[in-house]
There are 2 protein chains.
Amino acid sequence: MNNDPGDRMKNGHGGARPNAGRTRGSGAYGEPTRTVRIPESAMTELHALLEQHRQQALLRRHSDTLFLPAQAAESARLPMYSHRVAAGFPSPADDHVEARLSLDEHLISHREATFFVRAIGNSMIQAGIFDGDLLVVDRSVTPVHGHIVIAVIDGELTVKRLHQRDGITMLKAENPRYRDILLKEEQELRIWGVVTATIKQLL
Amino acid sequence: MNNDPGDRMKNGHGGARPNAGRTRGSGAYGEPTRTVRIPESAMTELHALLEQHRQQALLRRHSDTLFLPAQAAESARLPMYSHRVAAGFPSPADDHVEARLSLDEHLISHREATFFVRAIGNSMIQAGIFDGDLLVVDRSVTPVHGHIVIAVIDGELTVKRLHQRDGITMLKAENPRYRDILLKEEQELRIWGVVTATIKQLL
DNA sequence: CAACTTGATTGTTGTTACAATTTTCAAATG
DNA sequence: CATTTGAAAATTGTAACAACAATCAAGTTG
């Protein structure tokens, strides 16, 4: 070993030669890279993704000496993406969503006293009740002023808002084109129940 | 306006106050990020992954308005009355009811693809969707012209009616006081799903 | 002369730094 | 009391940096 640096430095090795240095694409991926910023929770998934790319680069690099057994038929190997890369949308199958909801439980408090009625007509359109909507009716709720109720007037089933003021009982429609029903003395008001929810099916 | 900087600078606004500046986790992912270096061919996959994380962050951020269906417990069938049952008091215990109904079964056709959203605002009031209504959303339904959809525009979750005519895509509000959203070229429309039912709770 | 060593060179790679942007709060304004 | 405004603090894409690895040609050794 020559420990004197001066001598060697003068007629130095290497130098600004062409084709010196490591060759392009000699990294772990065999291709240029970029820096990106990602959330920390994506790190594990990303590491899986990177490992996959490294494997593929390794395979490409040694493709002249490495062979794999032919696959039985075209059992089209799909790329083994980490987790659900393709998804992109929140999926109900995902687990880390806090609240889960049962419509039955959510909308029905008194099971024994609840039934459904399909609305007919447009007399309650301003209350958001359209023809064909499904109404959830609770018979155990005591109807008071302001409630939307299912009532029987002259043998007809109707949905109206119950008004009780100064001893006068009315069934008001929520549509200016419909008349309110003022309850006469001899008329009997039969209230089947209070509407606790209305459901509009669009499809 | 005081254009003299000296005055304002002295008792300047802001300053090194506590709790000033934007809050931690207010980014698109709701969590800290890191920079990593990845091969270029992984960029598309990474973008999908990141989009997914952004969606999940959005979902987390709106967890007070987003729900998923519960597992089918003992889905209680409740009586479903037809409208013409004029006579006396029907009881849910009665037998001569037409059908018995489970809301979960009736309103949810694809459990794996269904979630709930609580509506905010009154932009769809003429479609019978009011502030606070519960929307049943099915991701497996292909959105077409006329459907009411849940969409993400500029990171905001909205309910609108989808219009597609002559190559133009619009999100129309059903309330004259709200402007329609005309989709610009560079704007990306993300439709989370189609609203299959809306539920208005009255009690 | 073939095999090995050596040093400069150049691409890779993980991380840090930076600048532009966005979000937020409280004081100031009307 | 609602709105405006300026500074502060975080986000975010990208540039820069430093340590490292690979490569080649000249030099050295047997």
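So that the names make sense, note that chain A is the first sequence line, chain B the second, and so on, each numbered from 1.
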| remark: Whole-Å distance, B:Leu46 CG to D:dT14 C1', equals 15 Å

| When rounded to the nearest 0.5 angstrom, what distance separates CD in A:Gln126 from CD1 in B:Ile125? | 9.5 Å

| request: Calculate the interatomic distance between B:Glu40 atom CD and C:dT12 atom P; express it in whole Å. | output: 10 Å

| query | Counting side-chain heavy atoms from CB outward, which of D:dT12, C:dG14, D:dT11 is closest to B:Arg37? | reply | C:dG14

| query | Is any side-chain N or O of B:Arg22 under 3.5 Å from a base N or O of C:dT22, one able to act as donor and the other as acceptor? | reply | yes

| field | Gap between atoms CG and C1', on A:Leu50 and C:dT13 respectively (whole Å) | value | 12 Å

| said: Whether the side chain of B:Arg161 engages the backbone of B:Gly146 through a donor-acceptor N/O pair (distance < 3.5 Å, no angle test) should be reported. | reply: yes

| So, do A:Val194 and A:Ser140 sit near enough that their side-chain heavy atoms are less than 4.5 Å apart? | no

| said: On the side chain of A:Arg24, is there an atom forming a donor-acceptor pair with the base of C:dG11 - under 3.5 Å, no angle test? | reply: no

| request: Consider the side chain of B:Thr33, meaning its heavy atoms from C-beta on, and name the nucleotide among C:dT24, D:dT12, D:dT14 that approaches it most closely. | output: D:dT12

| said: Please classify the nucleic acid contact of A:Thr23 as base, sugar-phosphate, or nothing, using heavy-atom distances under 4.0 Å. | reply: sugar-phosphate

| query | Once you round it to whole Å, what is the distance between P of D:dT12 and CZ of A:Arg34? | reply | 17 Å

